[in-house]
Amino acid sequence: MAERELTGRHVFFITAGAFAVIIAVNVFMAVQAVRTFPGLETKNSYVASQEFNTKRDAQLALGWQAEASYADGAVTLVFRDQDGRAVAPETLDVLIGRTTEARDDIAPVFVLAGGEFRADADLGRGKWMMRVQATAPDGTPFLQRLELIVRG
């Protein structure tokens with residue numbers, strides 16, 4: 001078998017091909033990152049920062065804790081006061097999704113029964129984030145993010 005001579009032209013095409021692959025992969029990954037993660041928490045971060053302490057202090061004064069669990073295709077959410085008793089907010093809005101992308105986000109409808117809020121949800125295995133927004137009977141907003149780990 002005859003050996004071919006490695007010329008400057010061959011080296012150029014090898015180098016250009018390697019850089020083309022690297023650039024193509026980087027562009028693909030950047031497009032995927034932008035498409036799958038909304039990245040926006042608030043429209044105006046300055047205004048949100050001015051209201052943060054006031055809202056936090058009002059929520060802490062409620063003394064509420066939220067606990068979430070998942071079993072048998074249903075999410076259970078319980079609110080407890082500082083004495084450990086179950087409390088029921090006036091309004092409840094929950095968004096469940098993956099922490100890295102918005103594609104799997106769902107907003108299940110919770111029903112109060114026996115001091116617990118329960119909603120049917122078909123969640124796949126892994127880590128989920130729950131963004132809980134509720135309103136106390138006195139109008140105080142309650143906001144909390146909970147982690148939900150689905151095993152199996």
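Sequential numbering from 1 along the given sequence is applied to the chain's residues.
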Checklist entry - Backbone N or O of A136 within a donor-acceptor pair of the T140 side chain at under 3.5 Å? => result no
Next on the checklist: Let's go through R118 and L77 carefully: what are the C-alpha distance in whole Å and the side-chain angles of both, what is the deciding distance for side chain to side chain contact (heavy atoms under 4.5 Å, CB included) to 0.1 Å, and is it a yes or a no?
Outcome noted: CA-CA 6 Å; R118 198 170 155 85; L77 183 59; over 6 Å; no
Item to check | Atom pair CG (L123) and CD1 (I149), whose distance is rounded to the nearest 0.5 Å | outcome: 11.5 Å
Next on the checklist: Any heavy-atom pair between the side chains of K127 and E147 that's under 4.5 Å?
Outcome noted: yes
Checklist outcome for this item: Closest non-hydrogen contact found for D105 with G97 is OD1-CA, 3.3 Å
Checklist entry - How are the rings of F79 and F117 set relative to one another: parallel (under 30°), tilted (30 to 60°) or perpendicular (over 60°)? => result perpendicular
Next on the checklist: Please report the interatomic distance OH(Y70) to CZ(R151), rounded to the nearest 0.5 Å.
Outcome noted: 14.0 Å
Checklist outcome for this item: Value for CD1 (I96) from CE (M130), rounded to nearest 0.5 Å, stands at 4.5 Å
Checklist entry - How long is the gap from CD on Q133 to CG on D93, to the nearest 0.5 Å? => result 5.0 Å
Checklist entry - Do R56 and Q59 meet the criterion of a side-chain donor-acceptor pair at a distance under 3.5 Å? => result no
Checklist entry - Heavy atoms, side chains only, cut-off 4.5 Å: are V27 and I23 in contact? => result yes
Next on the checklist: Just checking D122: does its CG atom have more than 12 heavy atoms from other residues, nucleotides or ligands closer to it than 6.0 angstrom?
Outcome noted: no
Checklist outcome for this item: Between the CD atom in Q65 and the CG atom in L146, the distance rounded to the nearest 0.5 Å is 9.5 Å
Checklist entry - Measuring from F142:CZ to T135:OG1, what's the distance to the nearest 0.5 Å? => result 11.0 Å
Next on the checklist: Membership question, hydrophobic clusters at under 4.5 Å side-chain separation (ILVMFWY): are M129 and I106 in the same one?
Outcome noted: no
Checklist entry - Quick one: is the NZ or CZ of R98 closer than 6.0 Å to the six-membered ring centre of W128, and within 45° of its axis? => result yes
